Each structure stands twice: as structure tokens, then as C-alpha cells.
> 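One structure, pasted below without further comment.
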Amino acid sequence: EPEVTQTPSHQVTQMGQEVILRCVPISNHLYFYWYRQILGQKVEFLVSFYNNEISEKSEIFDDQFSVERPDGSNFTLKIRSTKLEDSAMYFCASSEELGQPQHFGDGTRLSIL
Amino acid sequence: AQTVTQSQPEMSVQEAETVTLSCTYDTSESDYYLFWYKQPPSRQMILVIRQEAYKQQNATENRFSVNFQKAAKSFSLKISDSQLGDAAMYFCAFRGFITQGGSEKLVFGKGTKLTVNP
């Protein structure tokens, strides 16, 4: 069964550094999402992306964050200048169409030192 | 704004027994989707079951079924004949109807950690 894949599984970065989290959505899916889960807290929506543009973003998704689909397969989340509070598990998800279930990757654990 | 509440941080069940995980939500929308996702220790979140709010019939998927009470805004998950592989975090989630001005984003509860005892 097709899967959403995320790399790396664990990223350790110094505070203030830029980090890029990578995702390969399921190949025929058109809608892409990023969520994050701070340890012990809820999974929170960050951003949705369709047709090469952001369709919705949360208040968490400020100017430090950006998303990109640089080629036909990858979907990336960039954090420009990481803060300690960015430490979390970041999940990528994709869906085939609007209204269809979102399929999640394994997540990337981001640790900011 | 929608909220999803899972009041049971942890639950345990004996293998082959039945367990029910609770979820309540709050919304002003009339049409929406509700989901249960499972996150085993391997970390990938897997869709377990989906319910459309306009359907009165409760969704079932093999050993998994839901008790959807729209008026009470309750959406519990029942796992029958529990297996060791059912051990995981279970997340309840809400999503609006995009065509009715709802959001495509999933709103999650905090999760319930299910332990299955042999």
C-alpha cells in the first residue's frame, strides 16, 4: 500500500539554524499538509497546500515557516531560524482529493538545542 | 472554533476483550467528518475509521465500530476482540465540510494510550 514517507526520522539542530523537513506524499495525491505535536500535547495543524500554493495556515505558521513543492514528488517544510519551542514531532500528510482521508507519514522528531 | 476532547489519557484491556474509547467534540457546523487514528509505537498515524455526520448509521470496520451521537456530540470507538497489535495511541479527530465553508484541517484530541494485556 502506498505510504507517505518523511526524512529524516530525527533531526537535531542548534537554535537559530535553518532546518528543512522533507516529505514524499503518495504519488496521486494533490493535497498536502503539515502538522506538529509537541511532546505531551495535541497534534496541531500547521498548513495545507494545493496547486503550488498555501490553501490554509494556522496562527502557528508564522513568517519563520515556509513550505515548498520543489519538484513533482517532494513537499518540504522549512523553519528559517529555529527556536527551542519548535522542538516537536512534525507530521506530513496527503490526501487524494478534498474530503478524502488524510494519510500520514511516520513523522520527523525535531530537537532544538 | 472546533475542539475535540478525549477524557481518558490511558486505557487498558485484556486480550480478546472489548474496550471503548471516548471522544467528545464541539462545533457549530452541521456537517462534518469524524475520525479515529491509531499511532502505534512505530509512529505512523493510521486511519482506523471515519464517520460522516450526515449519516445516522454508525461506521464499522471489522473489529472497530463507533457510537456516534450527534446531538450529544459524542464519538466513541469500540474495539472488539482486542489484539496485542491494537496497543497504540488513539486519536479522535474532527474535520469540517470544505464545501460548506469548513476547514480541511484536522482538529485532534490529546489521545488515549491503549494497553492490551495478554
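Quick caveat: nothing in here was measured; it's all calculated off a predicted structure. Convention: sequence-line order gives letters A, B, ...; per-chain numbering from 1.
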> Between Met15(A) and Leu21(A), is there shared hydrophobic-cluster membership here, with clusters defined by ILVMFWY side-chain heavy atoms closer than 4.5 Å?
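Same cluster.
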> Is Ile79(A) reachable from Leu113(A) through a run of hydrophobic residues whose side-chain heavy atoms are each under 4.5 Å from the next?
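Different clusters.
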> For chain A, which residues from residues 109-118 of chain B have at least one heavy atom closer than 4.5 Å to it?
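Hits under 4.5 Å: Gly109(B), Lys110(B).
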> Can you tell me if Lys73(B) has over 12 outside heavy atoms packed within less than 6.0 Å of its NZ?
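Counting neighbours around NZ of Lys73(B), more than 12 heavy atoms of other residues, nucleotides or ligands fall under 6.0 Å, so yes.
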> Under 6.0 Å from the CG atom of Asn28(A), do we count more than 12 heavy atoms belonging to anything else shown?
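For Asn28(A), atom CG is crowded (more than 12 foreign heavy atoms under 6.0 Å).
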> Could you tell me which portion of Ser9(A) (side chain, backbone, both or neither) has an atom closer than 4.5 angstrom to a non-hydrogen atom of chain B?
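Both parts, backbone and side chain.
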> Does atom CD (Gln57(B)) have a neighbourhood of more than 12 heavy atoms from anything else shown, all under 6.0 Å?
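Result for CD/Gln57(B): open.
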> Which atoms form the tightest heavy-atom contact between Glu97(A) and Glu104(B), and what is the distance?
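That closest heavy-atom pairing would be O-OE2, 4.3 Å.
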> Let me know if Val47(A) has heavy atoms under 4.5 Å from chain B in its side chain, its backbone, both or neither.
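Looking at Val47(A), nothing touches chain B.
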> With a cut-off of 6.0 Å (strictly less than), are more than 12 heavy atoms of other residues, nucleotides or ligands near NZ of Lys70(B)?
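Check passes, neighbour count above 12.
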> What distance do Phe108(B) atom CZ and Phe91(A) atom CZ have between them, rounded to the nearest 0.5 Å?
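Separation between the atoms: 8.5 Å.
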> Is there a side-chain contact between Pro101(A) and Arg50(B), using heavy atoms and a 4.5 Å cut-off?
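SC-SC contact between Pro101(A) and Arg50(B) confirmed.
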> Could you state the interatomic distance from NZ (Lys57(A)) to NZ (Lys105(B)), rounded to the nearest 0.5 Å?
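Lys57(A) NZ to Lys105(B) NZ: 13.0 Å, rounded to 0.5 Å.
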> Cluster question for you: counting only ILVMFWY and a side-chain heavy-atom cut-off of under 4.5 Å, with indirect links fine, are Phe94(B) and Phe64(B) together?
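Yes: a chain of side-chain contacts under 4.5 Å links Phe94(B) to Phe64(B).
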> Let me check something: do Tyr90(A) and Phe49(A) share a hydrophobic cluster, defined by ILVMFWY side-chain heavy atoms less than 4.5 Å apart, either directly or through other members?
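Yes; Phe49(A) is reachable from Tyr90(A) via cluster members.
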> Sub-4.5 Å heavy-atom contacts with chain B: which residues of residues 30-42 of chain A show up?
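From residues 30-42 of chain A, the residues near chain B are Tyr33(A), Tyr35(A), Gln37(A), Gly40(A), Gln41(A), Lys42(A).
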> Report which part of Val4(B) has an atom under 4.5 Å of a heavy atom belonging to chain A: side chain, backbone, both, or neither.
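Looking at Val4(B), just its backbone touches chain A.
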> What's the verdict on side chain to side chain contact (heavy atoms under 4.5 Å, CB included) for Leu106(B) and Gln102(A), showing C-alpha distance, side-chain angles and the deciding distance?
CA-CA 9 Å; Leu106(B) 288 167; Gln102(A) 295 173 23; 3.4 Å; yes
> Can you hop from Val66(B) to Tyr25(B) via hydrophobic side chains spaced under 4.5 Å?
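They do share one cluster, since a chain of ILVMFWY contacts under 4.5 Å joins Val66(B) to Tyr25(B).
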